[in-house]
Student: 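Please see the structure below; I have some questions.
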There are 2 protein chains.
Amino acid sequence: MATLDDIAKLAGVSATTVSRVINNYGSLSEKTKTKVFSAMQELNYQPNSLARSLKGKKTKLIGVIMPGVSNPFFGQMVQEIEDQLFKKGFKMILCNAGNDAQKEKDYLRMLMANRVDGIIAGSHNLGIEEYQKVGLPIISFDRYLSDNVPIVSSDNYQGGELAAQSLISSGSKNPQIITGSNRPNSPTNSRLTGFKDVLEKHDLSYNLIELPFSSSPNIKSLKIKELLTNKKIDGIFCTDDLTALLVKQQAQALNLQIPTDIRLVGYDGTNFIQNYHSELTTIMQPITDIVTMMIDLLLKRIDDPDCQLEKNYVLPVKLITGGTTI
Amino acid sequence: MATLDDIAKLAGVSATTVSRVINNYGSLSEKTKTKVFSAMQELNYQPNSLARSLKGKKTKLIGVIMPGVSNPFFGQMVQEIEDQLFKKGFKMILCNAGNDAQKEKDYLRMLMANRVDGIIAGSHNLGIEEYQKVGLPIISFDRYLSDNVPIVSSDNYQGGELAAQSLISSGSKNPQIITGSNRPNSPTNSRLTGFKDVLEKHDLSYNLIELPFSSSPNIKSLKIKELLTNKKIDGIFCTDDLTALLVKQQAQALNLQIPTDIRLVGYDGTNFIQNYHSELTTIMQPITDIVTMMIDLLLKRIDDPDCQLEKNYVLPVKLITGGTTI
DNA sequence: TTGAAAGCGCTAACAC
DNA sequence: GTGTTAGCGCTTTCAA
């Protein structure tokens, strides 16, 4: 692969001059510019960004740590992140942390070793103290990482409220929550609080069941079936849309009518759900806004590592009413 | 961020020695090793992989160019790629090319500039001649890029055959194909050929409609509705599962019974479809195997850039029978 | 078993 | 308007 020196030789100038041409820096005669450009063309030259970064320049690389990209929610979020980063001239190293805390730690080291300019983290693993001493700009999605890492999230409390209101106004008297793992310190817990608070105002109570994020759809379906068979539930709030899809399936299999026997509200409202399951009532997280916010903050921190940011940035959610509530 | 020299000073040895410890190279006394390790610990040191790569080492970075990751098929594929690459110590720069050829070209330059060790490309853009002169190991998924870029794909012809057989044995006499854009040189065209060949053997003909990959689900739905309303179709083969989902929706809205009035076969068979739409009969592409193959070939090429590889690697597909055929 | 020195490809003073 | 030089953080001969 051609180097700057090769170009310099071919164009008959010094390396410095070539560097100036590339970076459009200082004063240059048209003649040399042309010579250099054509030499670059001829050798299909690409400046080595490794060398450039070694000299203290930014790498223009952002590490993105997410649970995984096969889930439509995170798929859409990662795609949005990529899109916006690209427009600002950044590339992204994608790190799927799954539920593997060790992998997440390993990735953290790798990202440091690769001198990324910053990190966006939205995985679900707990207790990764390494975040405390990364010494790199980090922004988190919907999870507490460390005192100086700002959290961007949508309004989980409001989401819970909306879900409850939707179930209640559809006539549910015995609502049920199905949630992923309920972790300490997780902002998503507010979904439950919001839900509960509205119910209490209406003198209603609710049941709660936890189906871990990571357990297989088959197992979830089984538990859901059990739930639908044994209990006198007339409304369900799932804290993610995919689980809501399973509920819908199981209800149909059991000949329970939605929304007359059972009202159903999901959570996330991805494009995928809106396009392919518009029947589902759900709470839409504003993914684009969340990403815009995260990138905005991250770039601020990259520009000025000492800039003060809030601890929390909360964006409003929206109820999307489909046919699974009235 | 701490450098190798910092460690050297703190440990009271030379930089060379530290380098040796890090790379576990040459002979070292236990005492120095311990000293160096504890110095590294103390300063939370991460070797700068930029500097390392500048010295001719591999970057351990792979560029992955895909249409986008919000589509469950590519989401799953990218997740699988990431997973397998991680296990082999590689990181991935994710490039969503969408349907934007210019973006794909820009990414190609970026990847070269970042000295990635290799590229996996599976996007849909056409006529990107830049692939000819990247001068980097490349493996392609399901698309022709250049004479020396091996193509890994699943057996599209066989997939078409299976789809046709499934429709026919379910009793379809007037089958319809709904396909994404039909491009020259695309291996996916074989799906149509395989389908057609089987039909001809049974003295049946078929209709074909193109719904571009990139058009919105709403527009697709509209066209599908038109199709279902006007024509005497009794079986549909969609060359992707999401479109099949739309067909199912529209058929239900029109009160057409599946599979009695209309038989339906999709394509791809992602985990998502298997988990959340197991009712759909579909052709499953072996994503894991495809990825394993691609990475295997890519690493071979990285190890030995001159190694000879086949032009095509074709992996078998599988019919998954759900309730949309009999 | 360890160190000194050169150099990877680039940028940025500092000269001229 | 252009070139010389030093150096980013690391690896790797070559010596000791």
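In what follows, every heavy atom counts, from backbone to side chain, and hydrogens, waters and symmetry copies are set aside. Within every chain, numbering begins at 1; the chains are lettered A, B, ... in the order of the sequence lines, protein sequences first and strands thereafter.
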Student: Would you kindly give the CE-to-P distance between B:Met1 and D:dC10, to the nearest whole Å?
Tutor: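 Answer to the nearest Å: 11 Å.
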
Student: Figure out the CG/C1' separation between A:Asn24 and D:dG1, and round it to whole Å.
Tutor: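 These atoms are roughly 14 Å apart.
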
Student: Is it true that a side-chain atom of B:Ser29 and a backbone atom of B:Thr32 form a donor plus acceptor pair closer than 3.5 Å?
Tutor: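 Confirmed, B:Ser29 side chain pairs with B:Thr32 backbone.
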
Student: Roughly, in whole Å, what's the span from NZ in B:Lys58 to C1' in D:dC10?
Tutor: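 These atoms are roughly 17 Å apart.
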
Student: Got a donor-acceptor pair under 3.5 Å from the side chain of B:Arg20 to the base of C:dG3?
Tutor: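 When only heavy-atom distances are counted, B:Arg20 does reach the base of C:dG3 through a donor-acceptor pair under 3.5 Å.
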
Student: Keeping the roles fixed (side chain from A:Gln79, backbone from B:Ser70), state whether a donor-acceptor pair exists under 3.5 Å.
Tutor: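 Between the backbone of B:Ser70 and the side chain of A:Gln79 there is a qualifying donor-acceptor contact (under 3.5 Å).
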
Student: With distance as the sole criterion, is a donor-acceptor pair present between the side chains of A:Glu130 and A:Tyr107 under 3.5 Å?
Tutor: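 The criterion, which ignores hydrogens and geometry beyond distance, is not satisfied for A:Tyr107 and A:Glu130.
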
Student: If you count the non-hydrogen atoms of other residues, nucleotides and ligands that lie under 6.0 Å from CD in B:Gln102, is the total more than 12?
Tutor: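 Atom CD in B:Gln102 is crowded, with more than 12 foreign heavy atoms closer than 6.0 Å.
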
Student: The side chain of A:Leu54 lies closest to which of these nucleotides: D:dT2, D:dC10, C:dG9?
Tutor: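 For the A:Leu54 side chain, the nearest candidate turns out to be C:dG9.
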
Student: Taking only side-chain nitrogens and oxygens of B:Ser53, does any of them come within less than 4.0 Å of OP1 or OP2 of C:dC8?
Tutor: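 Answer no for this pair, as no side-chain N or O of B:Ser53 is under 4.0 Å from OP1 or OP2.
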
Student: For B:Ser19, answer base if it contacts any base atom (sugar-phosphate contacts may also be present), sugar-phosphate if it contacts only those atoms, and nothing otherwise; contact means non-hydrogen atoms under 4.0 Å.
Tutor: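 Base contact - B:Ser19 has a heavy atom under 4.0 Å of at least one base atom.
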
Student: Would you classify B:Ser27 as touching base, sugar-phosphate or nothing, given that sugar-phosphate means primed atoms plus P, OP1 and OP2, and contacts are heavy atoms under 4.0 Å?
Tutor: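 The answer is base, as B:Ser27 lies within the cut-off (heavy atoms under 4.0 Å) of a base atom.
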
Student: Test side-chain hydrogen bond (donor to acceptor under 3.5 Å, both in side chains) on A:Glu80 and A:Gln84; report intermediate values, then the result.
Tutor: CA-CA 6 Å; A:Glu80 187 67 39; A:Gln84 294 196 26; 3.0 Å; yes

Student: Choosing from C:dA6, D:dG1, C:dT1, which nucleotide comes nearest the side chain of B:Lys55?
Tutor: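 My answer, after comparing the listed nucleotides, is C:dA6.
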
Student: Would you mind reading off the distance between A:Asn23 atom CG and D:dG1 atom P, rounded to a whole angstrom?
Tutor: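 Rounding to the nearest Å, CG of A:Asn23 and P of D:dG1 are 17 Å apart.
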
Student: For the side chain of A:Thr16 and the base of D:dT4, is some donor closer than 3.5 Å to an acceptor across the two?
Tutor: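 For A:Thr16, whose side chain was compared with the base of D:dT4, there is a donor-acceptor pair (under 3.5 Å).
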
Student: Kindly point out which of C:dC10, D:dT2, C:dG9 is positioned nearest to the side chain of A:Leu4?
Tutor: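 Nearest nucleotide to the side chain: C:dC10.
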
Student: How long is the line joining CZ of B:Arg115 and P of C:dC8, in whole Å?
Tutor: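 Checked: the CZ to P distance equals 14 Å.
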
Student: For B:Asp5 and C:dA5, what is the distance between atoms CG and C1' respectively, to the nearest whole Å?
Tutor: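 In whole Å, C:dA5 C1' and B:Asp5 CG are 13 Å from each other.
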
Student: Which residue, A:Val18 or B:Ser14, contacts DNA chain C at a nucleotide closer to its 5' end, judged by nearest heavy atom?
Tutor: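 Closer to the 5' end of DNA chain C: B:Ser14.
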
Student: Taking the side chain of B:Lys57 as its heavy atoms from C-beta onward, which of D:dT12, C:dG9, C:dC10 lies nearest to it?
Tutor: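 Taking heavy atoms from C-beta onward, the closest nucleotide is D:dT12.
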
Student: Regarding B:Gln76 and B:Thr270, is there a side-chain donor-to-acceptor distance under 3.5 Å anywhere?
Tutor: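 The answer is no; no qualifying pair exists.
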
Student: Whether B:Thr32 contacts C:dT1 is assessed here as follows: a side-chain N or O lying under 4.0 Å from the phosphate OP1 or OP2. Is that the case?
Tutor: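 No, no such contact exists.
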
Student: Of the options C:dC10, D:dC10, D:dT2, whose atoms approach the side-chain atoms of A:Leu28 most closely?
Tutor: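 Within the option list, the nearest is D:dT2.
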
Student: Starting from C1' on D:dC10, measure out to NZ on B:Lys60 and report it in whole angstrom.
Tutor: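 The distance from NZ of B:Lys60 to C1' of D:dC10 comes to 17 Å, rounded to the nearest Å.
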
Student: Can a side chain N or O of B:Tyr45 be found less than 4.0 Å away from OP1 or OP2 on D:dC10?
Tutor: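 Affirmative; the distance criterion is met.
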
Student: In whole angstroms, how far is the C1' atom of D:dG9 from the CZ atom of A:Arg52?
Tutor: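 Roughly 18 Å, once rounded to whole Å.
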
Student: Identify which nucleotide among D:dT2, D:dG9, C:dT11 has an atom closest to any side-chain atom of B:Asn48, counting heavy atoms from C-beta outward.
Tutor: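 Comparing D:dT2, D:dG9, C:dT11 against the side chain of B:Asn48, the answer is D:dG9.
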
